[in-house]
2 protein chains.
Amino acid sequence: MSFIEQANETIRAAGGRMTTQRQLIIELIEEVNDQLDAEGLFQLARERDDSINLTTIYRTLNTLESAGLIRQQYISPDHDRKYYTLTGRTYHFTCRKCKRVIPFKSDLIDQLKHHLETELHAMAINACVCVDGLCPDCQAEEQR
Amino acid sequence: MSFIEQANETIRAAGGRMTTQRQLIIELIEEVNDQLDAEGLFQLARERDDSINLTTIYRTLNTLESAGLIRQQYISPDHDRKYYTLTGRTYHFTCRKCKRVIPFKSDLIDQLKHHLETELHAMAINACVCVDGLCPDCQAEEQR
DNA sequence: TTAGATGCAAAAAGTTTGCCGACCT
DNA sequence: AGGTCGGCAAACTTTTTGCATCTAA
């Protein structure tokens with residue numbers, strides 16, 4: 001079953017409808033397959049439907065997130081904006097100087113979740129992990 | 001050297017001044033010795049100086065953070081507000097249902113920083129780690 | 001004396017809400 | 001017909017900025 005089909009089913013199961021706007025937004029998230037914020041999604045969506053509204057983007061994003069179809073994430077420690085992905089198992093390092101974002105994966109995060117479950121008996125559902133500092137290039141530049 | 005003295009020195013070294021407002025804010029952060037947001041600090045500060053302004057709180061918090069005297073942190077995955085502490089080496093688990101916040105420490109986070117340094121050659125300075133899910137009580141309740 | 005800090009009000013940025021009309025089923 | 005959804009504008013929340021005044025050094 002494709003993601004669109006799955007989304008359709010999930011939304012219907014919750015008593016909702018698969019509108020053209022929702023379909024477009026889901027398609028874009030799937031296509032881009034990377035972190036997207038509401039504004040970025042809005043820009044892309046307008047290319048295909050120039051009557052779509054930012055509010056609709058926000059509302060759809062919230063609906064999809066509540067349904068568990070997409071995942072909300074912050075990228076930089078500034079936390080200026082919320083980003084969304086389908087899976088969201090990639091974390092991000094942001095350079096303080098050049099603002100470059102380097103994605104990374106680490107099983108330490110799953111270990112951390114496990115640690116919480118055994119030590120605190122807390123069931124971890126989602127984790128925000130943002131790290132910042134200096135990227136290799138900016139470290140080298142700093143050295144000079 | 002007390003924290004106040006250290007703060008005084010650091011601020012002066014940066015060409016700044018130790019005003020009564022700054023002193024009050026620093027004292028409160030040290031006294032409370034826990035996560036504080038701008039609004040919470042403002043409430044406390046007003047009890048001792050009812051002419052203090054929220055803007056001053058924000059500006060002082062930013063000044064102290066730039067000077068490396070306090071650390072900025074987010075607590076819940078909502079990231080609604082910024083919190084500050086002196087040291088900031090405690091992370092937080094937030095329950096989705098009852099909103100309870102459980103602080104925790106873990107060296108996995110230092111391991112993660114180390115991992116980033118060896119794998120990405122990125123120098124980690126600060127990390128935001130917020131985990132949410134269900135606390136033991138709410139899990140039990142869910143079961144019923 | 002004078003750069004730096006404060007207070008006040010207003011702006012900014014991201015996100016949410018209220019309302020009404022349009023659309024699905 | 002009845003509930004759901006989208007568009008628009010306005011509200012909201014947290015944080016920042018501009019400007020005149022004041023104050024520490």
Side-chain angles (χ1 to χ4, degrees), chain A residues 7-26 28 35-43 45-46 48-67 69-70 72-84 99 128 130, chain B residues 4 7-26 28 35-43 45-46 48-67 69-70 72-84 128 130:
Chain A
N8 198 332
E9 235 169 65
T10 308
I11 287 176
R12 272 165 204 283
R17 294 170 190 167
M18 180 53 66
T19 62
T20 47
Q21 292 93 334
R22 287 183 177 178
Q23 178 136 354
L24 171 56
I25 291 171
I26 291 173
L28 285 172
Q35 308 295 324
L36 264 177
D37 61 1
E39 187 60 34
L41 198 43
F42 181 48
Q43 305 297 348
R46 270 222 290 217
R48 301 198 193 166
D49 170 3
D50 64 3
S51 75
I52 203 166
N53 194 279
L54 225 203
T55 305
T56 304
I57 306 284
Y58 277 109
R59 275 199 276 234
T60 303
L61 251 13
N62 286 337
T63 302
L64 297 177
E65 210 244 342
S66 301
L69 289 162
I70 60 174
Q72 186 193 108
Q73 230 182 4
Y74 285 81
I75 289 190
S76 85
D78 293 350
H79 298 102
D80 286 335
R81 334 159 82 83
K82 293 178 187 168
Y83 291 81
Y84 295 85
K99 307 296 173 199
C128 164
C130 312
Chain B
I4 287 278
N8 200 332
E9 234 169 68
T10 309
I11 286 174
R12 274 165 203 282
R17 293 171 190 168
M18 182 51 67
T19 62
T20 47
Q21 292 93 334
R22 286 184 177 176
Q23 178 134 355
L24 171 55
I25 291 170
I26 291 171
L28 284 172
Q35 309 294 326
L36 264 176
D37 62 1
E39 187 61 33
L41 199 42
F42 181 48
Q43 305 296 349
R46 269 223 290 220
R48 299 197 196 166
D49 170 3
D50 64 5
S51 73
I52 204 165
N53 194 280
L54 223 202
T55 306
T56 303
I57 306 283
Y58 276 107
R59 277 199 274 236
T60 303
L61 250 13
N62 285 337
T63 303
L64 297 177
E65 209 243 343
S66 303
L69 288 162
I70 58 174
Q72 185 194 107
Q73 230 182 5
Y74 287 81
I75 289 190
S76 86
D78 293 349
H79 298 104
D80 284 335
R81 335 161 82 83
K82 294 177 185 167
Y83 289 81
Y84 295 84
C128 163
C130 312

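Proteins come first, then strands; the chains are lettered A, B, ... in the order of their sequence lines, and each starts at number 1.
Atom-to-atom, CD of Glu39(A) to P of dG14(C) comes out at 7 Å; the value is rounded to the nearest Å. In this entry the distance linking CG of Leu41(A) with C1' of dG14(C) reads 15 Å, nearest Å. Protein atom CG of Asp50(B) is 17 Å distant from nucleotide atom P of dT6(C), rounded to whole Å. At whole-Å resolution of the value, CD1 in Ile57(B) and C1' in dA5(C) are 14 Å apart. One atom, CZ of Arg46(B), and another, P of dG7(C), lie 12 Å apart when rounded to the nearest Å. In this structure, CG of Asn53(A) is placed 17 Å from P of dG18(C), rounded to the nearest angstrom.
Across Ile4(B) and Gln23(B), no two heavy atoms sit closer than the pair CD1-O, 4.1 Å. Thr55(B) and Asn53(B) get closest at one heavy-atom pair: N-OD1, 2.8 Å.
With the nearest nucleotide of DNA chain D identified for both Asp37(B) and Asn8(B), Asp37(B) has the one nearer the 5' end. Along DNA chain C, the nucleotide closest to Arg59(A) and the one closest to Ala38(A) are compared, and the more 5′ of them pairs with Ala38(A). In this structure, Thr56(A) and Gly16(B) both approach DNA chain D, and ranking their closest nucleotides by distance from the 5' end singles out Thr56(A).
Of the residues Leu54(A), Leu28(A), Ile52(A), Leu24(A), the one that meets the side-chain contact (heavy atoms from CB on, under 4.5 Å) test with Leu41(A) is Leu28(A).
Using a 4.5 Å heavy-atom cutoff, the side chains of Leu64(B) and Thr60(B) are in contact. Looking only at side-chain heavy atoms (C-beta outward), Leu61(B) and Gln72(B) stay at 4.5 Å or farther from each other. Looking at heavy atoms from C-beta onward, Ile11(B) lies in side-chain contact with Arg22(B) at the 4.5 angstrom threshold. Residues Tyr84(A) and Asp37(A) form no side-chain contact, since every pair of their non-hydrogen atoms from C-beta on lies 4.5 Å or further apart.
One finds no side-chain N or O of Tyr58(A) lying less than 4.0 angstrom from the OP1 or OP2 phosphate oxygen of dT16(C). For the pair Thr55(A) and dT15(C), the criterion of a side-chain N or O lying under 4.0 Å from OP1 or OP2 is not met. In this model, the phosphate group of dT15(C) is not approached by any side-chain N or O of Asn62(A) to a distance below 4.0 Å at OP1 or OP2. For Lys82(A) and dT16(C), the shortest distance from a side-chain N or O to OP1 or OP2 is below 4.0 Å.
Among the atoms of the strands shown, only primed sugar atoms or phosphate atoms (P, OP1, OP2) are found under 4.0 Å from some heavy atom of Arg22(A).
Read 5' to 3', the first and last nucleotides of DNA chain D with an atom closer than 4.0 Å to a heavy atom of chain A are dG2(D) to dA9(D).
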Its contact letters, B for base, S for sugar-phosphate only and - for none at protein heavy atoms under 4.0 Å, make nucleotides 20-25 of chain C read ---BBS
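An angle of 30°, rounded to 10°, separates the two end axes of the helix from dT1(C)-dA25(D) to dT25(C)-dA1(D), each defined over five pairs.
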